[in-house]
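Take a look at the structure below.
Computed over heavy atoms, backbone and side chain alike; hydrogens, waters and symmetry mates excluded. Residues: numbered from 1 along the sequence shown.
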Amino acid sequence: MSTQELDVKKAFRAILRHRRIVGAVAAVGLLGGIGAGLLIPPLYSASSLVLLPPPPKVEGQAAPSEQNIDTQVFIANSEPVLKSAGQNVSPVLSVEDVKKRIKVQSATEDVIQIRGQGVSQHQATSLANAVADVYLVFVTTEQKLPGDLGKKTGARVLERATTASGGGLAPHLAIYGLLGLVGGALLGAVAALVIARSDRRLRLRDEIADAIGIPVLASVSSYRAKGVSDWSNLLDRYTPPAVDAWSLRKTLHHLGLDPKENASTSLTVLSFTEDEAALPFGPQLAAYATSIGIATSLVVGNHHEATGVVPGTIVGSGNRVQLDILVVVVDREEPQLNDVLGTTTTVVAVAAGAVTAEELARLAVAADDTDRTIDGIVVMDPDPSDRTIGRVPRSLRRSGSALPTLLTGAAKRRAR
């Protein structure tokens, strides 16, 4: 996969992640376009046609000479014609305004079309007819023009402008609104890319795993608990969706636990302060283990107490505990694990887009200083656009080997 393709996918994920910003800026652009449409009135358009006479015959030639239509278009677009036409309409228009509102082109080899625009039907038809009349004056009388272009030609008005088209307010506002919407969406996308470029938080499973060189064991959707009653409901009634249940079962398999066996083990779940999506993993694992027959005890440590959770208490237990889960919340800047009880296994629970590589590295160093090994990472609420798995070493990914793609991360928990 090329670097350009990766960059495009990363940019798309960034825009999708900040879709609210893009939508807000696009909405502002839409309103701005509609406002501009109200300030700039819609223009009506009217056309008049001028017929040129057949070209005169030249002595000594059997066929008449060709009509130089481009010369006549040039005359009709010349400043003297437009200036005089602007003075013959009401209100009077300057040469610059007439140039913006008049378009002269050849309809055929013998017909000139003069299209005029105005803020009203009357102004549009008057301007188109005024240019046609002034043009006829210049080409049918002995006016002194550059290059002796004022010869008598016998031209006449074939069709005067009588009606004007366009000028509807609704289509006018729709066009300006659409332009504003597209411009706002593009501006919002650029803003999203700028924000994403300055955001150092890790969102993909591969990025999280590469930060400290530890594989991702599972991905689970977080059970959002805001108070004691929510935590109690989690421990008593938690029923994970099938995808989450399989991820939790894989974590238990990694710990070597099987409800058919009597083996026992202990687990420390580390998470960071202000990472509310990662905190429930320990209780979720404990509730699920209990539901499949594994006697489990859950102890919440006293490092940076989490809202709604009583630190240092056993939340649930069985007669003969097979799994002891210790939940510890550490500081992002200075994680301390010196007084944390040792367990058989240690995992880190992080939410996608919640931590940086530096914060994970500081935690890994703190664990190493206390002779504690981090055995894996659990990603909570993975990014929906994440197609990585976090278990393939970077060296193998760079080799270009064909690897399976994870099509989905974790199921979303339905609101109760």
Side-chain angles (χ1 to χ4, degrees), residues 32-55 66-180 183:
I34 294 176
L38 293 174
L39 294 177
I40 302 174
L43 296 178
Y44 292 86
S45 179
S47 298
S48 62
L49 300 177
V50 177
L51 176 64
L52 301 177
E66 294 182 358
Q67 184 78 264
N68 193 345
I69 192 69
D70 293 336
T71 300
Q72 304 305 320
V73 171
F74 175 79
I75 296 174
N77 266 323
S78 63
E79 184 171 335
V81 172
L82 300 183
K83 182 178 180 180
S84 178
Q87 294 174 350
N88 291 333
V89 295
S90 179
V92 176
L93 299 176
S94 64
V95 178
E96 290 74 16
D97 291 335
V98 176
K99 286 182 178 180
K100 293 177 182 178
R101 298 186 181 185
I102 284 294
K103 182 178 181 181
V104 182
Q105 60 186 9
S106 57
T108 68
E109 294 181 355
D110 300 309
V111 176
I112 295 177
Q113 182 185 49
I114 301 175
R115 182 181 297 274
Q117 291 182 322
V119 295
S120 64
Q121 295 186 14
H122 175 72
Q123 189 181 66
T125 55
S126 298
L127 184 59
N129 291 329
V131 174
D133 293 339
V134 174
Y135 163 73
L136 288 177
V137 171
F138 274 93
V139 298
T140 58
T141 60
E142 295 293 341
Q143 298 291 331
K144 293 182 179 180
L145 295 174
D148 194 21
L149 297 177
K151 298 178 181 179
K152 294 184 179 180
T153 62
R156 61 187 178 87
V157 175
L158 178 63
E159 179 181 318
R160 297 187 67 82
T162 57
T163 60
S165 61
L169 182 60
H172 178 73
L173 294 181
I175 293 174
Y176 273 82
L178 180 60
L179 293 176

Supply the atom-to-atom distance [X] [atom1] to [Y] [atom2], rounded to the nearest 0.5 angstrom.
| X | Y | atom1 | atom2 | value |
| --- | --- | --- | --- | --- |
| L127 | L93 | CG | CG | 6.0 Å |
| E109 | I69 | CD | CD1 | 8.5 Å |
| L43 | Q123 | CG | CD | 8.5 Å |
| S48 | I114 | OG | CD1 | 4.5 Å |
| D70 | Q105 | CG | CD | 12.0 Å |
| Q72 | S106 | CD | OG | 11.0 Å |

If every non-hydrogen atom of [X] is compared with every non-hydrogen atom of [Y], which pair is closest and at what distance?
| X | Y | value |
| --- | --- | --- |
| A124 | G118 | CB-N, 3.7 Å |
| I112 | L52 | CD1-CD1, 4.3 Å |
| A128 | G116 | CB-N, 4.0 Å |
| N77 | L82 | O-CD1, 3.5 Å |
| Y135 | V81 | N-CG1, 4.0 Å |
| L136 | V50 | CD2-CG1, 3.8 Å |

Legend entry - Test item: S84 side-chain N/O and P80 main-chain N/O as donor-acceptor pair under 3.5 Å: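 Flag not set: sc S84 to bb P80 has no pair under 3.5 Å.
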
Legend entry - Set of side-chain hydrogen bond (donor to acceptor under 3.5 Å, both in side chains) partners for D133, sequence neighbours left out: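 D133 satisfies side-chain hydrogen bond (donor to acceptor under 3.5 Å, both in side chains) with R160 only.
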
Legend entry - side-chain hydrogen bond (donor to acceptor under 3.5 Å, both in side chains), paired with S45, selected from K103, R115, Q117, R101: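 Exactly one option meets the side-chain hydrogen bond (donor to acceptor under 3.5 Å, both in side chains) with S45, and it is R115.
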
Legend entry - Pairwise side-chain contact, V119 with Y44, heavy-atom cut-off 4.5 Å (strictly under):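 Counting from C-beta outward, V119 and Y44 never come under 4.5 Å.
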
